[in-house]
**Student:** 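Before I ask anything, let me first share the structure, which is written out below as structure tokens.
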Amino acid sequence: MRARGLRNLRAALAPVAAGVCVMAATAAVLVPVLSRGGPAPHPPPYGTHGARADAAAADCTPANAAASLRPSSEAGRAVDGIKARGRLIVGVDQNTYRWGYRNPATGDLEGFDIDLARAIAEDILGPNPKITFRAIPTSQRIPALQKRTVDLVVRTMTINCARKRQVAFSTAYFQGGQQVLAPKYSAITGFDDSLKGKRVCTAAGSTGESRLAEDRHGARVVTVPNQLDCLVRLQLGEADAVVTDNALAAAQAAQDPTVQLKGKPFTDEPYGVAVNRDDTDLVRRVNQVLEDYRRGGGESRWMAAYRKWLQADLPGISKAPEPQYSD
């Protein structure tokens with residue numbers, strides 16, 4: 001009886017899984033460069049200006065991990081380099097619904113992160129800025145910044161001390177938490193011993209992978225390049241659950257009504273814009289953009305983006321996270 005039920009469930013899910021697999025396959029084809037207005041050169045190799053970032057990383061604790069440099073509109077070597085090039089290069093996701101995804105009807109990248117990236121580009125380059133979007137997998141966010149193939153990463157990236165030793169971050173622009181996603185019929189109840197013996201999927205290089213390395217509750221961990229791949233594994237019966245940020249899990253549940261969030265969030269996941277550690281002037285400039293983005297309370301650009309992209313799946317948020325500064 002159970003085997004027949006599983007076969008029926010997989011048959012019902014086949015159209016949904018096929019659609020998501022098409023998205024994942026498209027992402028794999030388009031990952032190298034996604035640009036608006038043609039290809040762009042790599043950013044110039046700026047000098048080393050990361051002493052303040054080094055100090056912030058050295059003093060980092062879980063309590064102050066989300067603290068960043070105070071905002072400023074003054075230009076520096078990084079900002080001047082972007083202006084001289086005339087184009088901002090941003091590392092993004094293109095297959096996370098609501099955050100950064102390619103609209104199949106228009107072919108355009110859309111989502112909460114994409115709107116924020118455009119706001120940063122407008123501030124540095126003026127109206128109708130030229131932007132190159134480069135789709136990068138979760139595990140390549142930090143290498144892309146270190147190799148300077150992108151200026152920024154705006155890709156639901158959690159700020160933590162381990163990452164701050166490798167890249168710099170803006171203040172937090174969203175607050176999420178790790179949670180378990182599983183089929184509605186599943187006996188899994190959350191991030192607990194109900195995962196014992198189960199196949200749990202998470203993205204390589206994610207905070208979900210780090211948390212499972214600390215305590216997997218007897219689960220067998222399956223890693224994939226992108227979180228959307230976990231939803232496909234779940235739909236095809238190749239995974240029993242997913243561990244990811246609840247913001248991303250809610251977006252996946254919106255794509256597939258047969259899955260749901262289980263239990264409660266078990267970590268704090270503040271998202272920040274990531275920057276090369278030497279580019280402190282760019283960190284400050286992004287923080288100035290975020291100050292402006294949050295300003296206005298319920299009428300702020302942040303709340304407008306939240307209502308447009310996230311409110312349906314993550315209701316009850318009334319304001320952006322409060323910024324923390326380290327200097």
**Student:** Which pairs, with at least one residue in residues 240-271 and sequence neighbours excluded, count as a ring pair (Phe, Tyr, Trp, His ring centres under 6.0 Å)?
**Tutor:**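 Applying ring pair (Phe, Tyr, Trp, His ring centres under 6.0 Å) to every pair that reaches into residues 240-271, excluding sequence neighbours, yields Trp99-Tyr271, Phe174-Tyr271, Phe191-Phe266.
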
**Student:** What residue pairs, at least two apart or across chains, pass disulfide bond (SG atoms under 2.5 Å apart) with a residue in residues 199-294?
**Tutor:**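 Listed by first then second residue: Cys201-Cys230.
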
**Student:** Does Leu125 reach the side chain of Ile82, with side-chain heavy atoms less than 4.5 Å apart?
**Tutor:**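 Yes; the side chains approach each other to less than 4.5 Å.
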
**Student:** Under a 4.5 Å side-chain heavy-atom rule over Ile, Leu, Val, Met, Phe, Trp and Tyr, are Ile131 and Val79 clustered together?
**Tutor:** yes

**Student:** Step by step, would you call Arg163 with Thr207 a side-chain contact (heavy atoms from CB on, under 4.5 Å)?
**Tutor:** CA-CA 10 Å; Arg163 288 174 176 170; Thr207 48; 3.8 Å; yes

**Student:** Can you tell me if Asp108 uses its side chain to pair, donor with acceptor, with the backbone of Asn103 under 3.5 Å?
**Tutor:** no

**Student:** Is there a path of hydrophobic side-chain contacts, each under 4.5 Å between heavy atoms, that joins Val221 and Val232?
**Tutor:** no

**Student:** Judged by atom type as modelled, is there a donor-acceptor pair below 3.5 Å linking the side chain of Arg70 to the main-chain atoms of Asp327?
**Tutor:**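 Yes, the answer is positive, given that a donor and an acceptor are paired below the 3.5 Å cut-off.
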
**Student:** Less than 4.5 Å apart, any side-chain heavy atom of Trp309 and any of Asp113?
**Tutor:**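 Side-chain contact under 4.5 Å: no.
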
**Student:** Run the side chain to side chain donor-acceptor pair (under 3.5 Å) test against Asp313 and tell me which residues pass, sequence neighbours left out.
**Tutor:** Arg98

**Student:** Is it the case that one hydrophobic cluster holds both Val200 and Val259, taking links as side-chain heavy atoms less than 4.5 Å apart, direct or via other members?
**Tutor:** no

**Student:** Please report the shortest heavy-atom distance between Pro71 and Asn287, naming the atom on each side.
**Tutor:**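 That closest heavy-atom pairing would be CB-C, 3.6 Å.
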
**Student:** Just how far is it from atom CD of Gln288 to atom CD1 of Ile124, taken to the nearest 0.5 Å?
**Tutor:** 11.5 Å

**Student:** Which class fits the ring pair Trp302 and Tyr306: parallel under 30°, tilted 30 to 60°, perpendicular over 60°?
**Tutor:** parallel

**Student:** Ignoring hydrogens, what is the shortest heavy-atom contact between Ile159 and Ser170? Give both atom names and the distance.
**Tutor:** CD1-O, 3.6 Å

**Student:** Name all residues meeting the salt bridge (charged side-chain N to carboxylate O under 4.0 Å, His left out) criterion together with Asp123; count only those two or more places apart in sequence or in a different chain, and write none if there are none.
**Tutor:** Arg285

**Student:** Supply the atom-to-atom distance Asn95 CG to Leu109 CG, rounded to the nearest 0.5 angstrom.
**Tutor:** 10.0 Å

**Student:** Going by side chain to side chain contact (heavy atoms under 4.5 Å, CB included), Leu152 matches just one of Val275, Asn276, Val283, Asp279. Which one?
**Tutor:**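 Considering Val275, Asn276, Val283, Asp279, a side chain to side chain contact (heavy atoms under 4.5 Å, CB included) with Leu152 is found only for Val275.
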
**Student:** Decide whether Thr158 and Asn160 meet the rule of one side-chain donor and one side-chain acceptor closer than 3.5 Å.
**Tutor:**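 Short answer, no.
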
**Student:** Closer than 3.5 angstrom, by distance alone: can the side chain of Thr223 be matched with the main-chain N or O of Ala204 as a donor-acceptor pair?
**Tutor:** no

**Student:** I need the Thr202 OG1 to Arg233 CZ distance, nearest 0.5 Å.
**Tutor:**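 If I round to the nearest 0.5 Å, the distance is 12.0 Å.
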
**Student:** Quick one: side chain to side chain donor-acceptor pair (under 3.5 Å) partners of Asn128, sequence neighbours excluded?
**Tutor:** none

**Student:** Do any N or O atoms from the side chain of Ser326 and from the backbone of Ser68 form a donor-acceptor pair under 3.5 angstrom?
**Tutor:**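 Between the backbone of Ser68 and the side chain of Ser326 there is a qualifying donor-acceptor contact (under 3.5 Å).
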
**Student:** I need the full list of salt bridge (Lys or Arg N to Asp or Glu O under 4.0 Å) pairs touching residues 296-311, with sequence neighbours left out, sorted by first then second residue.
**Tutor:** Glu122-Arg301

**Student:** Sort and list the pairs that fulfil ring pair (Phe, Tyr, Trp, His ring centres under 6.0 Å) and have at least one residue in residues 235-261, not counting sequence neighbours.
**Tutor:** none

**Student:** Could you state the interatomic distance from OG1 (Thr189) to NZ (Lys262), rounded to the nearest 0.5 Å?
**Tutor:** 8.0 Å

**Student:** Pro183 and side chain to side chain contact (heavy atoms under 4.5 Å, CB included): which partner among Leu234, Asp256, Thr258?
**Tutor:** Leu234

**Student:** Give, for atom CZ of Arg284 and atom CD of Glu74, the distance between the pair rounded to the nearest 0.5 Å.
**Tutor:**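 These two atoms lie 9.0 Å from each other.
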
**Student:** Arg216 versus Leu195: any side-chain heavy-atom pair under 4.5 Å?
**Tutor:** no

**Student:** What closest approach, in Å, do Ser206 and Gln227 show between heavy atoms, and which atom pair accounts for it?
**Tutor:**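 Answer, listing the atom of Ser206 first, then Gln227: OG-NE2, 4.1 Å.
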
**Student:** Excluding sequence neighbours, so at least two apart, what forms side chain to side chain contact (heavy atoms under 4.5 Å, CB included) with Pro265?
**Tutor:**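 Here the qualifying residues are Gln179, Asn246.
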
**Student:** Under 4.5 Å between any side-chain heavy atoms of Val90 and Val150, yes or no?
**Tutor:** no

**Student:** Could you walk me through whether Thr132 and Arg85 pass side-chain hydrogen bond (donor to acceptor under 3.5 Å, both in side chains), step by step?
**Tutor:** CA-CA 12 Å; Thr132 293; Arg85 186 199 307 133; over 6 Å; no

**Student:** For the residue pair Leu228 and Thr96, establish whether any side-chain heavy-atom pair is separated by less than 4.5 Å.
**Tutor:** no

**Student:** Could you list the residues that satisfy salt bridge (charged side-chain N to carboxylate O under 4.0 Å, His left out) with Arg220, not counting sequence neighbours?
**Tutor:** none

**Student:** Can you tell me if Asp281 uses its side chain to pair, donor with acceptor, with the backbone of Ala75 under 3.5 Å?
**Tutor:** no

**Student:** Salt bridge check: are Asp80 and Lys83 linked by an N-O gap of less than 4.0 Å?
**Tutor:**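 Judged by the 4.0 Å cut-off on N to carboxylate O distance, Asp80 and Lys83 do not form a salt bridge.
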
**Student:** Is a side-chain N or O of Thr149 found less than 3.5 angstrom from the main chain of Ala144, in a donor-acceptor match?
**Tutor:**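 It does hold such a pair.
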
**Student:** Is there a donor-acceptor pair under 3.5 Å between the side chain of Asp240 and the backbone N or O of Arg199?
**Tutor:** yes

**Student:** Are any side-chain N or O atoms of Asp192 and backbone N or O atoms of Ser194, one a donor and one an acceptor, separated by less than 3.5 Å?
**Tutor:**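 Yes, because the side chain of Asp192 sits within donor-acceptor range (under 3.5 Å) of the backbone of Ser194.
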
**Student:** Ignoring hydrogens and geometry, is there a side-chain-to-backbone donor-acceptor pair from Arg134 to Gly91 under 3.5 Å?
**Tutor:**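 It does not hold such a pair.
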
**Student:** What is the minimum heavy-atom distance between Cys60 and Lys164, and which atoms define it?
**Tutor:**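 Closest approach of Cys60 to Lys164: SG-CD, 4.1 Å.
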
**Student:** Give the minimum heavy-atom separation between Ile188 and Val180, together with the two atoms involved.
**Tutor:**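 Minimum heavy-atom separation between Ile188 and Val180: CG2-CG1, 4.0 Å.
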
**Student:** Please find the pair of heavy atoms, one from Asp278 and one from Arg148, that lie closest to each other, and give the distance.
**Tutor:** CB-NH2, 3.8 Å

**Student:** CZ/Arg141 to CG/Asp93 distance, rounded to the nearest 0.5 angstrom?
**Tutor:** 9.0 Å

**Student:** Quick one: list whatever passes side chain to side chain contact (heavy atoms under 4.5 Å, CB included) with Thr267, sequence neighbours left out.
**Tutor:** Gln178, Arg211, Glu269

**Student:** Can you list, by chain and residue number, the hydrophobic cluster partners of Val222 when the side-chain cut-off is 4.5 Å?
**Tutor:** none

**Student:** Under a plain distance cut-off of 3.5 Å, with no hydrogens placed, do Arg294 and Thr171 share a side-chain donor-acceptor pair?
**Tutor:** yes

**Student:** Glu322: which residues meet the salt bridge (charged side-chain N to carboxylate O under 4.0 Å, His left out) condition with it, sequence neighbours left out?
**Tutor:** Lys319

**Student:** Does the Asp292 side chain pair with the main chain of Ala119, one donor and one acceptor, at a distance under 3.5 Å?
**Tutor:** no

